[in-house]
A.B. asks: 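Mind having a look at this structure? Questions to follow.
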Amino acid sequence: MLVRDAMSTVVLTIGPDHTLRQAAALMSARRVGAAVVLDPDGTGLGILTERDILNSVGLGQSPDAERAHAHTTTDVVFAAPSWTLEEAAHAMAHGGFRHLIVLDHDEPIGIVSVRDIIRCWAPLRQHAPA
């Protein structure tokens, strides 16, 4: 199975000046665990995850004052839609993260998460011989 078969095509894109509260509200409304942060004047594409927001709040930082750019991962590993789920899982395990932005011709077309991979693999494992 390929990344294109498992990825979510709901790609939430935010700007670097969104507050963490704004980012969290948008992520919650769209039921996604990550947002692509697009900074055309800076680092390009980055990713802000629910864990980034949680870490900030856990440090006592104000979600109304903190901006996305301060918590965005900019050293991003991108996936191709033609990657196998095994390749995506390996990249996540090796990098210690749970989301990959899927690019096609340098454009974000989806996000694949650990949950997406498990969702695809679980039915296959149920039917596999023990």
Side-chain angles (χ1 to χ4, degrees):
M1 189 167 276
L2 303 178
V3 164
R4 75 170 50 92
D5 303 318
M7 71 183 191
S8 169
T9 57
V10 175
V11 180
L12 172 60
T13 303
I14 64 170
D17 289 325
H18 276 79
T19 67
L20 293 186
R21 184 176 307 281
Q22 290 169 325
L26 291 168
M27 290 164 64
S28 178
R30 287 171 180 77
R31 300 183 57 148
V32 297
V36 174
V37 181
L38 178 58
D39 187 358
D41 299 326
T43 57
L45 290 179
I47 191 166
L48 179 73
T49 68
E50 55 200 358
R51 183 180 297 171
D52 297 323
I53 296 169
L54 180 68
N55 287 341
S56 174
V57 171
L59 289 171
Q61 297 172 334
S62 169
D64 294 311
E66 290 297 310
R67 303 294 174 179
H69 68 82
H71 302 278
T72 298
T73 300
T74 56
D75 184 20
V76 179
V77 175
F78 298 102
S82 59
W83 277 17
T84 65
L85 293 186
E86 288 80 7
E87 289 172 304
H90 176 77
M92 289 178 190
H94 181 73
F97 43 80
R98 299 179 295 167
H99 298 86
L100 288 169
I101 300 171
V102 183
L103 293 183
D104 189 22
H105 298 94
D106 295 328
E107 292 294 321
I109 62 165
I111 293 185
V112 65
S113 69
V114 170
R115 181 177 291 150
D116 296 325
I117 293 172
I118 291 170
R119 196 174 296 133
C120 290
W121 281 351
L124 297 174
R125 301 294 186 248
Q126 290 175 356
H127 296 101

A.B. asks: Do the non-hydrogen side-chain atoms of L48 and H18 ever get within less than 4.5 Å of each other?
C.D. replies: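 They are not in contact (no side-chain heavy atoms under 4.5 Å apart), so the answer is no.
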A.B. asks: Would V11 end up clustered with M7 when hydrophobic side chains under 4.5 Å apart are linked, directly or stepwise?
C.D. replies: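 Each belongs to a different hydrophobic cluster.
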A.B. asks: For the pair N55 (side chain) and D52 (backbone), establish whether a donor and an acceptor sit closer than 3.5 Å, ignoring hydrogens and angles.
C.D. replies: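 Side chain of N55 to backbone of D52: no pair is present.
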A.B. asks: Could you walk me through whether C120 and D5 pass the side-chain contact (heavy atoms from CB on, under 4.5 Å) check?
C.D. replies: CA-CA 9 Å; C120 290; D5 303 318; 5.7 Å; no
A.B. asks: Taking V102 as the starting point, is it possible to reach W121 by hopping between hydrophobic residues whose side chains are less than 4.5 Å apart?
C.D. replies: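 Yes; tracing contacts between hydrophobic side chains, which count when under 4.5 Å, links both residues.
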A.B. asks: Identify the two heavy atoms, one from S56 and one from E66, that lie closest to each other, and give their separation to 0.1 Å.
C.D. replies: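 Heavy atoms only, the tightest pair is OG-CG, 3.8 Å.
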A.B. asks: Shared ILVMFWY cluster between V10 and L100, side chains joined below 4.5 angstrom?
C.D. replies: no
A.B. asks: When the side chains of residues 103-118 are checked against the rest of the protein, which donor-acceptor pairs come out under 3.5 Å, sequence neighbours left out?
C.D. replies:
unit_1	atom_1	unit_2	atom_2	d
S113	OG	R115	N	3.3
S113	OG	D116	N	3.1
S113	OG	D116	OD2	3.2
D116	OD1	R119	NH1	3.2
D116	OD2	S113	N	2.9

A.B. asks: Find the distance between CG (L2) and CD (E86) and round it off to the nearest 0.5 Å.
C.D. replies: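 Answer for the CG-CD pair, L2 versus E86, is 9.5 Å.
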A.B. asks: Carefully, step by step, assess R98 and E50 under the rule side-chain contact (heavy atoms from CB on, under 4.5 Å).
C.D. replies: CA-CA 10 Å; R98 299 179 295 167; E50 55 200 358; 3.8 Å; yes
A.B. asks: Residues in salt bridge (Lys or Arg N to Asp or Glu O under 4.0 Å) with D64, at least two apart?
C.D. replies: R21
A.B. asks: Does some side-chain heavy atom of L38 sit less than 4.5 Å from a side-chain heavy atom of L45?
C.D. replies: yes
A.B. asks: Is any side-chain heavy atom of T49 closer than 4.5 Å to a side-chain heavy atom of F97?
C.D. replies: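 Not touching, per the 4.5 Å side-chain cut-off.
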A.B. asks: Has T19 got a side-chain atom pairing as donor or acceptor with Q22's backbone, closer than 3.5 angstrom?
C.D. replies: yes
A.B. asks: Determine the minimum heavy-atom distance between A91 and V77, stating which atoms define it.
C.D. replies: CB-CG1, 4.4 Å
A.B. asks: Report yes if some heavy atom in the side chain of H69 is under 4.5 Å from a heavy atom in the side chain of V37; otherwise report no.
C.D. replies: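 They are not in side-chain contact.
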A.B. asks: Assigning hydrophobic clusters by single linkage (Ile, Leu, Val, Met, Phe, Trp, Tyr; side-chain heavy-atom cutoff under 4.5 Å), is V3 placed with F78?
C.D. replies: no
A.B. asks: Search all heavy atoms of L12 against all heavy atoms of A34 and return the closest pair with its distance.
C.D. replies: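 Closest approach of L12 to A34: CB-O, 4.4 Å.
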A.B. asks: Report yes or no: do I47 and M27 belong to one cluster of Ile/Leu/Val/Met/Phe/Trp/Tyr joined by side chain heavy-atom distances under 4.5 Å?
C.D. replies: no
A.B. asks: Taking all non-hydrogen atoms of both residues into account, name the closest pair between V76 and G46 and its distance.
C.D. replies: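 Minimum heavy-atom contact is CG2-CA, 3.9 Å.
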